Amino acid sequence: MLARRPAAARPRVRAPDLGGAGSVREALEKHRSDPTCAGCHALLDVLGIGLEEYDGVAQPVFDPNLDNLGELPDGRTFEGAAELAALYDGSEVFVGCLTRKLFTYAAGRPGALYDADFLAEIAVTATAEEYTLGELIDAIVHTPAFRSPAALGEK
């Protein structure tokens, strides 16, 4: 969703001691204050807290005191999944990232340089024509790279 790789994990990372942290937000802030963890968690935690309205298996959490104010790396804020979706509505960057991730899952390998044109064309069309998820998947499975027995360009 962030369309970029997190910082490289450091060796021998251990779980942080979050004792004494009251709320989820406070625990995550304490976690991000550790330089070993901040590389990834500075991006992920502030976005993830905006999705606190769902539990670990995507079931809604009904709590009137729920803190679900999230923040994107560019500083835009949102409350909950609906506002996050609205921020990405019509975003070619988001659709391009989703297209590449779906292709990786469908093809069983990450996209390569020779896949880039197909994937970029799909993302542009999907954004312009407001594809549903099903239409996006259909476009991916009709690429030559997906339909050929071996990936294009491989020997």
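Scope of the values below: all heavy atoms of this structure, side chains included, with no hydrogens, waters or symmetry mates. Everything quoted here is computed from the prediction, not taken from an experiment.
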- Can you sort out the partners of A106 under side-chain contact (heavy atoms from CB on, under 4.5 Å), two or more places apart, ordered by chain and number? I140, F146

- Task: State, to 0.1 Å, how close V95 and A126 come at their nearest heavy-atom pair, and which atoms those are.
- Result: CG1-CB, 3.8 Å

- Task: With sequence neighbours left out, write down each residue that passes salt bridge (Lys or Arg N to Asp or Glu O under 4.0 Å) with R32, or none if nothing qualifies.
- Result: D45

- Give, for atom NE2 of H142 and atom CD1 of I122, the distance between the pair rounded to the nearest 0.5 Å. 10.5 Å

- Note on the structure: Sorted by chain and residue number, the salt bridge (Lys or Arg N to Asp or Glu O under 4.0 Å) partners of D138 (sequence neighbours excluded) come out as none

- Item | Beyond-backbone contact of E71 with L47, side-chain heavy atoms, under 4.5 angstrom | no

- Message: For a 4.5 angstrom cut-off between non-hydrogen side-chain atoms, does Y88 reach L72?
- Response: yes

- Do any pairs count as a side-chain hydrogen bond (donor to acceptor under 3.5 Å, both in side chains) and have a residue in residues 48-66, sequence neighbours left out, and if so which ones? E53-N68

- Query: Is L69 linked to V46 within one hydrophobic cluster, defined over Ile, Leu, Val, Met, Phe, Trp and Tyr using a side-chain heavy-atom separation of less than 4.5 Å?
  - Reply: no

- Message: Test side chain to side chain contact (heavy atoms under 4.5 Å, CB included) on D115 and T143; report intermediate values, then the result.
- Response: CA-CA 9 Å; D115 300 314; T143 63; over 6 Å; no

- Task: Would you indicate whether the side-chain heavy atoms of E29 and I49 approach each other to under 4.5 Å?
- Result: no

- Cluster check L133, F103: I/L/V/M/F/W/Y, side chain < 4.5 angstrom: yes

- Closest non-hydrogen atom pair between E130 and E135, with its separation: O-OE1, 4.2 Å

- Smallest separation among heavy atoms of T127 and E92, with atom names: OG1-CA, 3.6 Å

- Kindly write out the residues that satisfy side-chain contact (heavy atoms from CB on, under 4.5 Å) with T125, not counting sequence neighbours, or none if the list is empty. E121, E129, Y131

- How many angstroms lie between OG1 in T77 and CG in L84, if you round to the nearest 0.5 Å? 11.0 Å

- In terms of heavy-atom contacts, A123 and G96 come closest through CB-CA, 3.6 Å

- side-chain contact (heavy atoms from CB on, under 4.5 Å) partners for T104, two or more places apart: P110

- Query: Which pairs with one or both residues in residues 76-89 pass salt bridge (Lys or Arg N to Asp or Glu O under 4.0 Å), sequence neighbours excluded?
  - Reply: D74-R76

